[in-house]
A.B. asks: 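Can you read through this structure? Questions will come right after.
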Amino acid sequence: MSQIKGSSHRCISEARPGQQATQQLFSASLELFSICFTRSPCKDVGGRPLSCRGRPKQSFSKAREGFRINSSFTQDFASKNHIEAMNNSSENKFARKPLAWKRIVVKLSGEALMGRLSHGLDHDVLTSIAADLKDVAARGVEVAVVVGGGNFFRGIEGADRGIERARADSIGMLATVMNALALEYAIEKQGQAARTMSALPMPALCEAYSHQAALHHLAKGRTVVLGGGTGNPFFTTDTGAALRGAELSCDLIMKATKVDGVYSADPKRDPRAIRYDQLTHDEAISRNLAVMDTAAFALARENGIPIIVFSIREKGAILSALEGRGNATLVLP
Ligand code: UDP
């Protein structure tokens, strides 16, 4: 895995992540919308062909080890029976086999941090998530956490009320830093070292995000809490999570939600909606399944990063999902 991650890291580094991140996001989005899925031939620094930007082809087969997708999964919309058959397939090892991820990025929305409150932070929820993150770190997994800010402010809502969008998004990014500081404190209270890094420099409050410093903290076993999203307006923290996941050569993106995975339809509206155990990125696109927001998902797909979508409602949910316990959906390249 280290060889794979090294290759990915080199490719991303060549693209100068800080300066060209925005460009990469736009190109990823464009590729998604084109839906033609043709990839230009690309080689890594060793001259080996890449099947996507940043990851050599063999990384896909590595990532798939132990969780092969049912090959009969067709382009047509899957029927209930088909999804159930796929989920029960003996080839589906996700629910049974513990996962061995080395470095992960967890995306926690502001909503996840507010628990049952209507806004702001629920202290008990923070404590519970912090304990969960500590347990994950104790298993030797390097953990970066990207936090949202929707429990305080969302730029799009500010824009709807007449605030210029870029300024409203700045307020939203500040909200994410508030959450990051609160989570950092909660993690430290559990006895686990943590560092908040903000994409927008705020030296009086926390470290400014830098790729090398983040890797350094992760290598030291510190949980890195990332605020400020991408540092740019018009993006979301989902995209921030995918961006940092690629930049930090993470093996996995964990997307915490209120539901326990990706469904064939909105489970709140359609009682017949079925949850997928596994999917590929391409299948999620062709079925219009909302895994993450569009730019984020395109970036994850472009860089061949698997995504686990899981519910954060239960205590210990992050570790459970990492170990393949409980319900979740694994999206593989
Ligand atoms: N935001 C931004 N750029 C980013 C990430 C976030 O401008 O890269 C702003 C945007 O206004 C967004 C707000 O921060 O609405 C909070 O982030 P997000 O909506 O992703 O939070 P979540 O819904 O996950 O709590």
Side-chain angles (χ1 to χ4, degrees), residues 17-26 28-29 105-122 125-126 129 144-184 196-202 205-206 208-211 214 224-248 253-259 290-300 307-313 317-318:
Q19 200 178 7
Q20 295 189 1
T22 310
Q23 199 181 340
Q24 193 183 8
L25 294 179
F26 280 125
S29 305
V105 59
V106 181
K107 161 65 208 300
L108 289 177
S109 66
E111 226 179 15
L113 301 178
M114 80 186 182
R116 297 208 174 134
L117 304 177
S118 59
H119 68 282
L121 291 162
D122 182 322
V125 168
L126 264 181
I129 291 175
V145 187
V146 169
V147 282
N151 53 330
F152 288 119
F153 196 86
R154 281 202 182 88
I156 193 105
E157 289 163 9
D160 286 347
R161 280 186 233 120
I163 305 176
E164 178 198 14
R165 175 68 192 267
R167 205 164 305 198
D169 279 338
S170 299
I171 302 170
M173 286 187 272
L174 287 173
T176 71
V177 177
M178 295 201 292
N179 284 333
L181 291 171
L183 184 63
E184 175 195 48
T196 293
M197 304 187 91
S198 169
L200 301 167
M202 298 183 194
L205 299 181
C206 59
Y209 173 79
S210 100
H211 172 233
V224 175
V225 186
L226 297 165
T230 64
N232 296 293
F234 298 97
F235 287 111
T236 66
T237 50
D238 268 11
T239 309
L243 176 64
R244 299 303 182 221
E247 208 178 334
L248 298 171
I253 297 169
M254 297 194 74
K255 159 88 176 162
T257 69
K258 285 186 161 179
V259 289
V291 178
M292 298 178 91
D293 70 46
T294 309
F297 187 69
L299 198 57
I307 305 166
I308 291 181
V309 182
F310 69 105
S311 165
I312 192 70
R313 283 171 184 256
I318 302 170

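Computed from a predicted model, the values in this text were never measured in an experiment. Both counts, for ligands and for their atoms, begin at 1 and track the order of listing.
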A.B. asks: Quick one, V259 and S311 - any side-chain contact, counting heavy atoms below 4.5 Å?
C.D. replies: no
A.B. asks: Check whether any side-chain heavy atom of N179 sits under 4.5 Å from a side-chain heavy atom of L121, and report yes or no.
C.D. replies: yes
A.B. asks: Has E157 got any heavy atom lying under 4.0 angstrom from an atom of ligand 1?
C.D. replies: no
A.B. asks: Are V106 and V146 packed together at the side-chain level, in the sense that at least one heavy-atom pair is separated by less than 4.5 angstrom?
C.D. replies: no
A.B. asks: For ligand 1, find out whether one of its N or O atoms is nearer than 3.5 Å to an N or O atom of N232.
C.D. replies: yes
A.B. asks: What residues, two or more places apart in sequence or in another chain, satisfy salt bridge (Lys or Arg N to Asp or Glu O under 4.0 Å) together with D238?
C.D. replies: K107, K255
A.B. asks: Taking side chain as C-beta onward, heavy atoms only, is I318 less than 4.5 Å from M254?
C.D. replies: yes
A.B. asks: So which protein heavy atom does atom 21 (O) of ligand 1 come closest to, and at what separation?
C.D. replies: G149 N, 3.0 Å
A.B. asks: Please determine if F235 has a nitrogen or oxygen closer than 3.5 Å to a nitrogen or oxygen of ligand 1.
C.D. replies: yes
A.B. asks: Using a strict 4.0 Å cut-off to heavy atoms of G148, name the atoms of ligand 1 that fall inside it.
C.D. replies: 21 (O), 22 (P), 24 (O), 25 (O)
A.B. asks: Within the structure provided, determine whether M173 and S198 are in side-chain contact (heavy-atom separation under 4.5 Å).
C.D. replies: no
A.B. asks: So F153 and I163, do their side chains get closer than 4.5 Å, heavy atoms only?
C.D. replies: yes
A.B. asks: Which residue and atom name correspond to the protein heavy atom nearest atom 5 (C) of ligand 1, and how close is it?
C.D. replies: T236 C, 3.3 Å
A.B. asks: Give a yes/no verdict on whether any heavy atom in P233 is under 4.0 Å from an atom of ligand 1.
C.D. replies: yes
A.B. asks: Counting heavy atoms only, which of G231, G228, A166, G155 comes nearest to atom 12 (C) of ligand 1?
C.D. replies: G155
A.B. asks: So is there a nitrogen or oxygen of S170 less than 3.5 Å from a nitrogen or oxygen in ligand 1?
C.D. replies: no
A.B. asks: Considering only the protein, which heavy-atom contact is closest to atom 20 (O) of ligand 1, and what is its distance?
C.D. replies: T237 OG1, 2.5 Å
A.B. asks: I253 versus I308: any side-chain heavy-atom pair under 4.5 Å?
C.D. replies: no
A.B. asks: With a 4.5 Å heavy-atom cut-off, do L248 and H211 have their side chains touching?
C.D. replies: yes
A.B. asks: Please report which non-hydrogen protein atom sits nearest to atom 14 (O) of ligand 1, along with the residue it belongs to and the distance in Å to one decimal place.
C.D. replies: G172 C, 3.1 Å
A.B. asks: Can you name the closest pair of heavy atoms from A296 and A242 and give their distance?
C.D. replies: O-CB, 3.4 Å
A.B. asks: Looking at T230, which atoms of ligand 1 are within less than 4.0 Å of one of its heavy atoms?
C.D. replies: 4 (C), 8 (O)
A.B. asks: How far is atom 9 (C) of ligand 1 from its nearest protein heavy atom, and which residue and atom name does that atom have?
C.D. replies: D169 O, 3.6 Å
A.B. asks: Examine K107 against ligand 1 and note whether any of their N/O atoms are separated by less than 3.5 Å.
C.D. replies: yes
A.B. asks: Just which atoms of ligand 1 are under 4.0 Å from any heavy atom in S109?
C.D. replies: 24 (O), 25 (O)
A.B. asks: Please could you name the atoms of ligand 1 that G150 approaches to less than 4.0 Å, counting only its heavy atoms?
C.D. replies: 21 (O), 22 (P), 25 (O)
A.B. asks: Using a strict cut-off of 4.0 Å, indicate which atoms of ligand 1 neighbour a heavy atom of G110.
C.D. replies: 22 (P), 25 (O)
A.B. asks: Look at ligand 1 and say whether T239 reaches it with a heavy atom at a distance under 4.0 Å.
C.D. replies: no
A.B. asks: Name the closest protein heavy atom to atom 19 (O) of ligand 1, giving the residue it belongs to and the distance to 0.1 Å.
C.D. replies: R154 NE, 3.7 Å
A.B. asks: Any chance CZ of R165 has more than 12 other-residue heavy atoms, nucleotides or ligands included, within less than 6.0 Å?
C.D. replies: yes
A.B. asks: I'd like to know if the side chain of N151 and the backbone of E111 have a donor-acceptor N/O pair within less than 3.5 Å.
C.D. replies: no
